[in-house]
Structure formats: C-alpha cells, structure tokens
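Below is one structure; the comments refer to it alone.
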Amino acid sequence: MRAGELARLLDGRLEGEEVELSGVAPLETAGSGELAFLREPGRAGELLHTRAGAVLVPEDLTADEKVSTSLIRVKDPYAALRRVLEHFHPETAPEPGVHPTAVVAPGAELDPTVSVGPWAVVESGAQVGAGSVIGAGVFLGRGCSLGSDCRIHPGVVVYADSVIGDRVEILANAVIGSDGFGHSVEDGTFRKIPHVGRVVLEDDVLVGAGTTIDRATLGETRILAGTKLDNLVMVAHNCRLGPHSAVAAQAGFAGSTIVGAGVQIGGQAGFAGHLTVGDGAVVGAQSGVIKDVAPNTFVWGFPARLHKETLQTMANTARVPEVRRRLKEIEARVRMLEEGRSPERDSQRGE
Amino acid sequence: MRAGELARLLDGRLEGEEVELSGVAPLETAGSGELAFLREPGRAGELLHTRAGAVLVPEDLTADEKVSTSLIRVKDPYAALRRVLEHFHPETAPEPGVHPTAVVAPGAELDPTVSVGPWAVVESGAQVGAGSVIGAGVFLGRGCSLGSDCRIHPGVVVYADSVIGDRVEILANAVIGSDGFGHSVEDGTFRKIPHVGRVVLEDDVLVGAGTTIDRATLGETRILAGTKLDNLVMVAHNCRLGPHSAVAAQAGFAGSTIVGAGVQIGGQAGFAGHLTVGDGAVVGAQSGVIKDVAPNTFVWGFPARLHKETLQTMANTARVPEVRRRLKEIEARVRMLEEGRSPERDSQRGE
Amino acid sequence: MRAGELARLLDGRLEGEEVELSGVAPLETAGSGELAFLREPGRAGELLHTRAGAVLVPEDLTADEKVSTSLIRVKDPYAALRRVLEHFHPETAPEPGVHPTAVVAPGAELDPTVSVGPWAVVESGAQVGAGSVIGAGVFLGRGCSLGSDCRIHPGVVVYADSVIGDRVEILANAVIGSDGFGHSVEDGTFRKIPHVGRVVLEDDVLVGAGTTIDRATLGETRILAGTKLDNLVMVAHNCRLGPHSAVAAQAGFAGSTIVGAGVQIGGQAGFAGHLTVGDGAVVGAQSGVIKDVAPNTFVWGFPARLHKETLQTMANTARVPEVRRRLKEIEARVRMLEEGRSPERDSQRGE
C-alpha cells in the first residue's frame, strides 16, 4: 500500500515523499519499505536515525528539518497503528468445525460456525455462540455459556456455569470460575465453604494468560463490559470490576471488592476485600489499597494514598537528616544562651 | 426445607415467621423463598432492605425492631452457611471409571472407584486411592501417589514422585513438583542444580488455581495437613508450611522457609529464604518478610515488623511536616533571644 | 561410589574415613551411606549432629575437631553438588517418537530423535530440533521453531512464530508468546492493538512454571542466552532480558523494559515500562523499580533506590520519635529563656 493512500485511510496527512509500504516494524529496525510508529513527542529525535519508509506520528509533532523519512501525521498514532496492523495482519481464524479428537458432550449446543480445537472438552449443557473459537485443550464445564466471536486460547479452564458474553478473549492457561478461597474454622481446622455462585464475563472482556477469576460464594463475580485484565491477575470471589477498566499484570483483588468504570490499575497492585474503587480512579503499580478510593483520584503507595500525599511522605522522610542537623545546631545555641554566652563571642574565641 | 427445621439442624433459633426455603442467595438479591447470610454485626442495617425469606445471623446480633425478615440465630453463621450449602448443593462427583481417551500407563495402580477424565495422562508407577477424581487433561507423573477422595482439577500437572494425601484438592492449572530454582555459577554461566527431592501434600491440603509448588533440591517440600493455599501462590524448594495454615493469593516463599501451625498469610506477601514463621503468627498482605516471625505475633509492612510498629512508623513519617514547622519557629525565637529581643516586644512592634 | 573416588572426581580432598556412598540427602536426614552438603560456613556447627557418611564443604571451612563425619573439601560445594547429583540421578529422557495420540500437523518438521508426549499439538510450520522433548498436552503454534535438546514440560503453550534456541527448558503450564497488553482508547472503549511481533528465547534459557512471556507489538520480546526465569514471572511485550541474568519468582516487567547481562532480580520485584537495568545490577525482592538502574549497583525498596539509601531512609524514619522528644525539650528551654528563667533555677524549684 502507498503511504498517501494509507494517510487518506487514516484521516491523516502525508508529509514527504510517496513510498510503497509492505509491512510494519519498530522504528529502530524498520526498512525502507516498512511503516514505523512514534507515539511520544519526546522521542522525536529518533526520526533522524530511522530507515523506515514512513512513520506514523502525532499530527502536531515538531520534527527536525533534517528528518528525511516520510511522516504520516494522524490525530491518534496508536489508534492508527491498530487500524494499520489489522489491515496488514488480518486475523486468521481456524476453519469452523469440531476437531475429531475433541470430546463434546451430547447435551452441548455449538453453533455450526464454531471451531473447536484438538483435545478440547465441552461438557453437557454448555452453549457456544456463532464464530467462537475454542482452542486446543480447553475445558468448558457443565452449563457454561459463551456468546459469539469469542476466542478461548489453548489450555484455558472454564468451570461449570460460567457465563461469557460476546467477543470475549481469554488467553492461554487462564482459569475462570475456580472455587473462591473461603473456609470456616471449626474445631481448629478449615472447612471449605462450597462456592455455588458463578463468574460472569460481559461483552468485550479480555482475560490475560494465567489469570484466575474465582466464582462467587453466592451470587456472582462479574467483569463488566470492555474491561481488560492482563496476565497473572487474581480476582477473588464476588468481585465486580468495570466496565471499561484496565488491570495490569499480577494485580490481585481480595473478595467482594468493587471497581468502577474507566479505572486504571497498575501492575502488582493489591486490594483488600470489600473495598470500592470509584469511577475513573487510577491506582499506581504495586499499591496496597486498604480503603475505598474516591472517583477520579490517583492513588499510589503502600498503603495507597493520594499520589501527591505519597510523594509528600517520601519527601518528608528524605528531610529527616536536615531536621536532625538543624535540631543539633539549635540545641547548641540554646545551651550557649542558657550559659549566658552569644554565638558571636564564641566564634571570636575560635569555637 | 422450612426455616424452623433448618434452625434445629444448625443448633440455632428461629426468630420471626416460619418460611419455606428452596435455596441460598446473597442478602442483596435473595427472594422470599431464599435463605441469606449476614456475618458482620456492622452490616445489621442491611436487614431492613433484604427481601430474603430468612437470614442466618450471629446469635447475639442486635437487629432493628423494624426488621421483618425471619432470622435464624446461630453461633457461627459462616460454619452454618457451610452446612446449609452442602445440603442444598451436594457435590456431584463424576461416575467412577477411566475415560476412553485417558492414557493410563500399564504400571499405574488406580482404585476401581477412581474417576479419570478425558485426555488425562497417568504415568507408570502412579497410585490413586479410592474415590479420587482426576480431571480432564491432568498429568500425573511417574511414581506419584495420591490418597483417597482427592480432587485434581483440569489442567493440573503433578510431576514425578509427588506424594499426595487424602482429601487433597488441587484447582485448575496448578503445578506440583516443578524443579526448584537453583543454579551454580560456573565460568560466568548458570548451571542448573538437579532437583531430586519431592513434594509432599498432606491430608486435607488445598492448592489454588495456577499455584506452583517446587520440588526440593534434596529431601522434600512439604505442605502440612489442612493447610490451604489460594491461587497463584509460589512455594519454592524445601519449604515447609503448616499444618492448618492459610496463605492468600499471590504470596510467595523463597527456598527453605518454614511456616508453622495455624499461621495466616495475606495476599502478595513475600518471604525471603531460610526463615521461620512461628505458630499462630499473622502476616499482613503485601508484607516483605526478611527475618523470622515470632509465634502469635502480627507483622505487616515492607520490611515486615510488628503491626503496631509499622503503624507507628507511618504515624512518625506523617509528623515530619509538623516537626519542621515547630523547628522553624524555635529557630526564629532563638535568634531573637540571641539578639537580645523578646517575642512579646517584637509582636508589640508589629512583627 | 567411595568418598575418596568422589573427592578426586571433584578436584577435592577427603578428610576423615573412607566411606561407601549410595546417594545424596539433606544434612538433617542423611544416613551413614549418604552424601550431604553444606554451603554456608555459618552452619558449620550442624556438622556435629549429622549422621551423613560424608559432607561436601567449602575447602577452607573451619570445622569443630569433634566432627566425626568425613568431609570432602571442594572449591565450590554447590557446583560439586551439581556434578554429584548429575552422577547419581542421570536424566531419564523419554524414548524418541511421537505418541500416537499427539496431533502433529503435516507441515511440521520434527527431527527423528524428538519425543512428543500424549495429547501434544504441533501446528503446521513448526520445527523441532534433535533430542528435544515435547511433554504431554503441550501446544506448539504455527511456525514455531525449537532448537535441539529442549525440554518443554506438560501443559506449556507456545504461541505461533515463537523462536526458541537450543537447550531451552520451559516448565509446566508456562505461556510463551501470548498477546501483549496494549489497547488504544477510541470513543471511550479499549481497542486491542494486534500484536504481530514474536518471542525469542535464546540458548540455555529457563522459563519457570506458570510464567508468561508476551509477544512484541512489533519486533520481538527477547530473553537472551543463559537467562533463567523462576515461576509465575510476567514479561510484557518488547522486553529484552539478559544474557545470563536470573529473575526470581513472581517478578514482573512492564512493556519495553531492558535488563542487561548478569543481573539478579529478587522475587516479586516490579519494573515500570521503558526502563533500562544495567549489566551486573542487583534488584532486591519486592522492589518497585520506576527509573533506570545503573550497572553494578544494588537497588532495593519502594520505590527502588540504592540499597544503602533505602536503609538510610528506614533509619531516618525510625529517628522521628527521638527528634520530637528533643524538639519538645528545646521548646521548653527556649520558653524559660524567654521568660528570663534558667533551667537550673527551675529544677531547684522542683519543676
């Protein structure tokens, strides 16, 4: 595809020579027939060194006049990259049909357009909607329901009774609907509470590789529409996350925590149970959240507080040595006053 | 079942109208034919809004006189919930027998009452006791031994020579007996130490989804009776945890750490190697434990110290701004004294 | 094998009686026919209590004269242990050949010496080199390439186009090449960026159980030669780690982070994206790394700073109570000076 054509397609503007593009590559390694991508204005200097045929850049980027590569200026280079990649790398869904080695129970209802990979197990009562792809070795438990156009990657385990919407994607070896971690203590030993609730993943949810989402004790654990979970995230029983929130890798939620709409959560952040995180909040990486987070606030730290308070605390701590030095000085001056001396006279005496 | 009958069964007391109950549901969503559950006295106000037919509550709960739902007062509502859920939702174990697609090695010894799911692999020398259920796609390595009434969920990998007791439950995609992370450094490169020890899971142990327990270098990694591990926990080689301890999700133990009896460990807590955590200790979530923990103490923080010390440290840090303000004031007053002035006279001059 | 023979083999020196050794066991449990191992000079006292036939110790260890067990003094006991264990426990690789239940696509190229376990799936275009072992239930996606003598353990998922070198070992249920976590925000919803890059694991890389390594958006995510990752580690898209670095369990790397050669990273450490960690650096457990780490430095803490600075900060915080006590005292003394009194006179008056 020619750069000019691409620019038009992306509602952008080509600056520089027309060039034929056959693929997309990182700025550092792209060749003269490839499109690259630059998102951060602060990295504009790298345009001087790239050999890319053309580069997607923000429309208002200030580029050095010595830049010789063609630029395609667009409003949102990341969104443009998405469209370009979808063009150059269209998804290759497997053919519909059930692999002969898959074990599909008689009572399961699969749309004829569904693809089921080798060694998959679909138990009785499970339903899978049009265009969904069930990968190799996937386990779908009794009475699960999947919508249309889902992508369930190899090794995923979906326990019985889980309800999954349309266009949900679950990456390899994730686990949906495992029993929650709840035990009564009776005569000094733990007795497991049966977890008879379920997991609901609404439309357009993404679940990362190795992530685990526990079923509810009673009722449901629910991931709301459009919410994206990265790899190795842990969602405990009865949580409710989203809609349209994003959770980075290795974050963990204890039981019954509620996270609102449009929330962004950093990697390795942890949440105590029974908390509420308000809409639009941002939680920094590795935060330890032990109380509610107000909407549209940015919290960070251990324990998590407003980001600016955490920075202030760190600054305060750093000032303790200065405080001690000043305190020592003032103690000396007070001693001199008590002894009837003045610092001026002392310094004249060479002290 | 009628509420009065249930109350008798649970050694409890029915307060309010008799009612027929057909299931259990959360307090917020339960209908008039359903039993709900309230554990925390602080949430007693919610009884005014529920439509539940009856609610399990602590025997000494003070409820508003306007509460119209029936209450079943019991000593331990959580233990009562367990018994009720077991009554309404009895476990439906699969039929005994080996699925035709499972690959069971000639030398494996399975009790006739064992159930083995599709695509499971049981290698030679493995033994599985009466009533155990091996899920779909489970891998049991050479010479593994499982007791009776175990539940090994889909996708679990149990490496060779692991020893598993009775009533052990391992949730989906967990890994038991992987090689420990130990390397000698020779000529600047890592050389893997063969890990020839094993993993032992004693009776009534629970292992959460995605959790990994490494085999010992020599000897064993042992989880003692009744200990419960949540999801995505990491137990390194030669650790020894329990008995009757509980470890929340994403906690991690470096090599050779010993955790005693009845210990409670919060989510995302981390333990350096070769530590001892005493019986009855409590370790708060996200703690970084870098030295031994005394029995029956509550530690928290990074690094972990006695909980009250960590709170004290946080309070101290918060006081630094106040300290700086007072220090500035005292410096000004000392300067005045040194210059022969007094604050009273200064303030009279309008300063 | 006799202890003297073993000492010669290990370039070591036998001290004490000759003894026949039939295996290796931990110092605490070894019997008279077993070899044990002691690495840390601080634990030398334990030699008094062991019943081991012989113990591998550092060549310059000072042992109590009452120690009666034979000692094999070697330069590096851990490296010696490796050699001994390899001798007593040689790896038992499975027979070459493809298990009849494995699904190998027509276009896949497997060396005749490769072993493929039950229920494995090898998609078209995949290549596997001589002597490699593909475990039960492993999934190798389209166009993957594996070198020789690899060990891919049960349940591992390797996504399409991954490139894996020689002698790479991947433990159970790890995931290689899952899509990175990148979304553009368009009209208030997340749109997934297609991840068309790949993962490259160079020679002698180890990937722990349950670890996930995401493919690059463009270009590659690369683990360089000899680098070892423990269990449940998360490596995001476009990271580059190694060579010859070690990453302990549950550590996590956000996108595009670069870690140099010979770096040691503690468990549960987290790295923000687009950082550089210099060669030879050491990052303590649970650190939160939010800026570049200089080569050959030791950082620790949240956020990570030089280890000694973090210790200093902790010490400073601990001194705040002392500062407040001294400040209160000095305020009292200044008040007395302002009032024209002296502490001596006050104390005479009994105040």
Side-chain angles (χ1 to χ4, degrees), chain B residues 101 103 119 121 137 139 141 155 157 159 173-175 178-179 181-186 188-194 196-197 210-212 214 216-219 232 234 236 238 250 252 254 268 270 272 286 288 290 302-303 312-313 316-317 319-320 323 326-327 330 333-334 336-337 342-344, chain C residues 24-26 28-30 36-37 76 78-82 85-86 88-89 91 99 101 117-119 135-137 153-155 169 171-173 204 206 208-210 226-228 230-232 244 246 248-250 262 267-268 285-286 301-302 314 317-318 320-321 323-324 327 330-331 334 337-338:
Chain B
T101 64
V103 172
W119 321 130
V121 173
F139 177 87
V157 173
Y159 279 89
N173 287 352
V175 175
S178 37
D179 286 342
F181 193 68
H183 301 85
S184 59
V185 180
E186 304 178 33
T189 66
F190 294 110
R191 301 293 299 271
K192 182 175 169 183
I193 304 292
V196 305
T211 283
T212 66
D214 279 354
T217 316
L218 305 171
L232 296 173
M234 161 61 180
N238 294 83
Q250 296 175 320
Q268 297 184 336
Q286 283 193 336
I290 57 177
F302 175 81
Q312 189 61 49
T313 297
N316 285 338
T317 305
R319 283 178 184 133
V320 171
V323 164
R326 284 165 58 190
L327 185 59
I330 208 78
R333 287 160 64 186
V334 166
M336 286 199 292
L337 287 165
S342 84
E344 287 73 18
Chain C
V24 189
E28 309 86 79
T29 62
F37 156 76
D76 180 345
Y78 207 43
L81 178 68
R82 177 186 67 76
L85 288 173
E86 287 178 356
F88 281 108
H89 300 267
E91 195 200 8
H99 194 276
T101 63
W119 320 130
H153 293 228
E169 183 166 20
L171 303 190
N173 286 352
D204 300 299
L206 171 77
T227 295
K228 312 293 184 184
D230 200 351
N231 297 354
L232 296 173
H244 304 295
Q250 296 175 319
Q268 298 183 335
Q286 283 193 335
F302 174 80
M314 290 172 177
T317 305
V320 172
V323 164
R324 295 180 74 231
L327 185 59
I330 207 79
E331 286 170 335
V334 167
L337 286 167
E338 288 167 349

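Hydrogens, waters and symmetry mates play no part in the numbers below; they use all other heavy atoms, side chains included. Residue numbers start from 1 in every chain, and the chains themselves are labelled A, B, ... in the order their sequence lines are given, proteins ahead of strands.
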Using non-hydrogen atoms only, which part of [X] is less than 4.5 Å away from chain C: side chain, backbone, both, or neither?
X: B:Ile330; value: side chain
X: B:Val323; value: both
X: B:Arg191; value: both
X: B:Asp179; value: both
X: B:Phe302; value: both
X: B:Gln312; value: neither
X: B:Val103; value: both
X: B:Ala174; value: backbone

Report yes if the side chains of [X] and [Y] come closer than 4.5 Å at any heavy-atom pair, otherwise no.
X: B:Asn316; Y: C:Pro321; answer: yes
X: C:Val320; Y: B:Val320; answer: yes
X: B:His183; Y: C:Leu206; answer: yes
X: C:Asp230; Y: B:Asp214; answer: yes
X: C:Leu337; Y: B:Arg333; answer: no
X: B:Lys192; Y: C:Glu169; answer: yes

Between atom [atom1] of [X] and atom [atom2] of [Y], what is the distance when rounded to the nearest 0.5 Å?
X: B:Leu218; Y: C:Phe37; atom1: CG; atom2: CZ; answer: 8.0 Å
X: C:Gln286; Y: B:Gln286; atom1: CD; atom2: CD; answer: 7.5 Å
X: B:Phe181; Y: C:Lys228; atom1: CZ; atom2: NZ; answer: 8.5 Å

- Item | C:Ala172 versus B:Val157, closest heavy-atom pair with distance |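 The pair with the smallest heavy-atom distance is CB-CG1, 3.7 Å.
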
- Work out which heavy atom in C:Tyr78 is nearest to a heavy atom in B:Ser184; give both atom names and the distance.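 Nearest pair, atom of C:Tyr78 first, then B:Ser184: CD2-CA, 3.8 Å.
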
- Query: In terms of heavy-atom pairs under 4.5 Å, which option from C:Asp204, C:Asn231, C:Thr29 contacts chain B the most?
  - Reply: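 Heavy-atom pairs under 4.5 Å are most numerous for C:Asn231.
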
- Between chain B and each of C:Thr317, C:Thr101, C:Leu81, C:Asp76, count heavy-atom pairs under 4.5 Å; write down the option with the most.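 The residue among C:Thr317, C:Thr101, C:Leu81, C:Asp76 with the greatest pair count is C:Thr317.
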
- Task: Between chain C and each of B:Ile290, B:Val121, B:Val185, count heavy-atom pairs under 4.5 Å; write down the option with the most.
- Result: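 Ranked by heavy-atom pairs under 4.5 Å with chain C, first place is B:Val121.
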
- Among B:Pro194, B:Ala216, B:Gly270, which residue forms the greatest number of heavy-atom pairs with chain C at distances under 4.5 Å?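 Among the listed options, the one with the most contacts to chain C is B:Pro194.
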
Taking side chain as everything from C-beta outward and backbone as N, CA, C, O, which of these in [X] sits under 4.5 Å from a heavy atom of chain B? Side chain, backbone, both or neither.
X: C:Leu171; result: both
X: C:Gln268; result: side chain
X: C:Ala246; result: both
X: C:His89; result: side chain
X: C:Leu327; result: both
X: C:Ala25; result: backbone

- Within the side chain of C:Gln250, is there an N or O that forms a donor-acceptor pair under 3.5 Å with the backbone of B:Gln250?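 Side chain of C:Gln250 to backbone of B:Gln250: a pair is present.
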
- Message: When you measure from the side chain of C:Asn173 to the backbone of B:Asn173, do you find a donor-acceptor pair of N or O atoms at a distance under 3.5 Å?
- Response: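 Yes, because the side chain of C:Asn173 sits within donor-acceptor range (under 3.5 Å) of the backbone of B:Asn173.
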
- Query: Does one side chain, of C:His153 or B:Tyr159, offer a donor that lies under 3.5 Å from an acceptor on the other?
  - Reply: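 Their side chains do contain a donor-acceptor pair, which is all the 3.5 Å distance test asks for.
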
- Tell me, with the steps shown, if B:Leu232 and C:Leu232 meet side chain to side chain contact (heavy atoms under 4.5 Å, CB included). CA-CA 8 Å; B:Leu232 296 173; C:Leu232 296 173; 4.0 Å; yes

- Task: Give the intermediate values and the outcome of salt bridge (charged side-chain N to carboxylate O under 4.0 Å, His left out) for residues B:Glu186 and C:Arg82.
- Result: CA-CA 11 Å; B:Glu186 304 178 33; C:Arg82 177 186 67 76; 2.7 Å; yes

